[in-house]
Amino acid sequence: MPALLRLEDLRKSFGDIRAVDGISLSVEKGEVLGFLGPNGAGKSTTMKMAAGFLEPDGGHAFICDIDVFAEPVAAKSRLGYLPEGAPAYGEMTVRGFLKFIGEVRGLKGDALRSAIDRAVERTQLGPVFGQTIETLSKGYKRRVGLAQAILHEPPVLILDEPTDGLDPNQKHQVRRLIREMAKESAIIVSTHILEEVPAVCDRAIIIAAGRVIADGTAEELAEMAPEGARGSLEAVFRHLTTEGRKAA
Amino acid sequence: MRALVPIVKREFASYFATPIAYVFVVIFAALAGVFTFQLGNFYERGMADLMPFFQYLPWLFLVLAPAISMRLWAEERRSGTIELLMTLPVTVTEAVVGKWLAGWLFMGLALMATFTLWATVNWLGEPDNGVIAVSYFGAWAMAGTFLAMGAALSALTRNQVIAFILAALGIFIFMTAGTPVVLDAVRAFLPEAVAEAIASLSALTHFGSVSRGVLLLSDVVYWVTTTVFWLFVNAIIVNLKKAD
């Protein structure tokens with residue numbers, strides 16, 4: 001299986017703070033990679049660089065083997081990205097917003113209409129399709145962000161906290177959607193909800209202080225727990241990320 | 001340039017998402033009338049032209065262009081949608097030009113709303129409509145430069161009010177650079193050549209001839225280069241500041 005998303009030694013500092021300190025990873029087609037870490041560990045910064053929004057100080061990002069910083073437009077057209085907080089143009093209707101995203105991505109006519117219909121159905125936005133986005137609840141806004149990301153059925157999906165602010169039913173739905181999208185795509189999902197990892201991810205990476213400190217399946221990670229708490233992802237997470245901070 | 005048209009469409013439509021756009025056009029047309037008829041002594045002059053209107057227009061634009069440009073990038077940065085926009089398959093040039101173009105078209109619309117002045121002067125007398133057409137063209141070109149400057153300054157901040165003030169201040173300096181107040185101050189410290197260079201960059205100087213219906217190639221070059229310059233600055237600022 002070829003890696004559709006590949007990060008090589010990405011680095012980024014803000015002033016004296018090393019937000020991302022040499023992160024490398026790859027995600028294959030059909031794989032969902034969970035991206036875990038405490039707040040401030042560099043998750044969002046890494047994702048921003050992978051999506052081509054932030055220029056790294058060093059390292060490379062490849063989407064479908066296209067260098068994100070050398071050929072940004074070609075790389076971005078193969079990417080669906082849900083930024084942290086799912087920003088969207090509040091004054092637009094869901095319909096208008098998805099139409100805009102589709103047009104920018106070069107979809108027209110029937111192809112555009114069917115892409116919107118499919119994304120709306122998958123994210124169950126039907127009831128609010130004609131409403132302006134700023135009037136929607138947090139859960140719906142998040143799903144508008146998801147709908148925009150999957151609109152063109154991209155080979156690579158980068159989702160920054162896709163289930164944040166959703167109720168349990170909506171979370172379940174979004175996880176199912178991610179599993180479904182994973183058949184054809186490489187997906188990276190950041191989260192700090194650990195129960196999500198066994199539910200949606202094939203593999204997970206834990207980062208702390210801008211570095212990868214663990215990489216494996218949910219079971220493999222759970223094995224790394226300290227004595228007495230074997231099998232608990234939460235124990236692993238706390239153990240590793242507090243250690244990681246000390247080391248840094 | 002695939003993304004340019006959807007960006008222009010989206011930005012242009014977003015002006016009309018709130019009643020502010022309509023209010024804006026009406027206020028603009030009303031102020032244009034006040035300036036022309038009351039302050040410009042339109043009737044007392046006894047001449048069938050729109051000189052009073054075009055003489056006051058730069059001052060009207062000083063307030064109105066920043067109002068149009070302030071949200072272009074500041075709002076995008078405040079709401080975080082800039083991250084969405086810049087991770088779509090869109091170049092910075094497309095985004096910068098698209099936003100500016102939408103504002104420019106909107107300014108064109110506002111200018112069209114002053115057709116009542118043109119209708120009035122045609123009803124009262126027989127003006128040289130060629131002169132008026134050239135003046136309108138020049139006014140629109142000037143609006144383009146002001147907007148490009150305002151848009152660039154709007155990318156510096158995530159606060160629309162600050163964006164407005166920066167733009168108004170920038171446009172004011174840019175406009176009045178050729179007036180004696182500024183030039184005398186410059187002459188006191190710097191050689192005459194510098195003063196003349198500054199004067200030649202002043203918007204009012206270049207708008208002067210066009211408002212009399214004279215379209216000089218040098219003026220056209222001036223409006224185009226200043227607009228392109230500010231769009232270029234805009235792109236640089238967006239690249240530097242987008243993630244802050």
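Quick note on labels: first sequence line is chain A, next is B, and so on, each numbered from 1. Just so we're clear, the structure is a prediction, and the values are computed from it rather than from any experiment.
Surrounding CZ of A/Arg18 are at most 12 heavy atoms belonging to other residues, nucleotides or ligands under 6.0 Å away. Heavy atoms from other residues, nucleotides or ligands lying under 6.0 Å from NZ of A/Lys99 number 12 at most. For B/Phe232, the CZ atom is loosely surrounded, since the number of other residues' heavy atoms within 6.0 Å does not exceed 12. Heavy-atom contacts from other residues, nucleotides or ligands closer than 6.0 Å to CZ of B/Phe172 number 12 or fewer.
For the pair B/Leu85 and A/Val104, the minimum side-chain heavy-atom distance is 4.5 Å or more. A/Glu103 is not listed as a side-chain neighbour of B/Arg2, based on a closest heavy-atom distance of 4.5 Å or more. B/Leu84 has its side chain within reach of A/Gln148: a pair of non-hydrogen atoms, C-beta onward, lies under 4.5 Å apart.
Within the model, atoms OG1 of B/Thr91 and NZ of A/Lys76 stand 9.0 Å from one another, a figure rounded to the nearest 0.5 Å.
Residues that satisfy the side chain to side chain contact (heavy atoms under 4.5 Å, CB included) test with B/Leu166, not counting sequence neighbours, are B/Leu153, B/Leu156, B/Ile162. Every residue was checked against the ring-ring contact (aromatic ring centres under 6.0 Å, His included) condition with B/Phe115, not counting sequence neighbours, and none meets it.
With a threshold of 4.5 angstrom between heavy atoms, B/Thr81 approaches chain A through its backbone and through its side chain. Of the two parts of B/Glu94, neither the backbone nor the side chain holds a non-hydrogen atom closer than 4.5 Å to a non-hydrogen atom of chain A. Proximity to chain A involves both the backbone and the side chain of B/Ile7, based on heavy atoms less than 4.5 angstrom apart.
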Open item on the list: Using the rule given for side-chain contact (heavy atoms from CB on, under 4.5 Å), can you reason through A/Ile101 versus B/Leu88, listing the C-alpha separation, both sets of side-chain angles and the distance that settles it, and then say yes or no?
Closed with: CA-CA 8 Å; A/Ile101 299 287; B/Leu88 290 170; 3.9 Å; yes
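Contacts with chain B (heavy atom to heavy atom, under 4.5 Å) involve these residues of residues 53-68 of chain A, listed by number: A/Phe53, A/Leu54. Proximity to chain B among residues 78-97 of chain A is limited to A/Tyr81, A/Pro83, A/Pro87, A/Ala88, A/Tyr89, A/Glu91, A/Met92, A/Phe97, judged by heavy-atom separations below 4.5 angstrom.
When each of B/Met86, B/Glu76, B/Arg10, B/Lys242 is scored by its heavy-atom pairs under 4.5 Å with chain A, the top score falls to B/Arg10.
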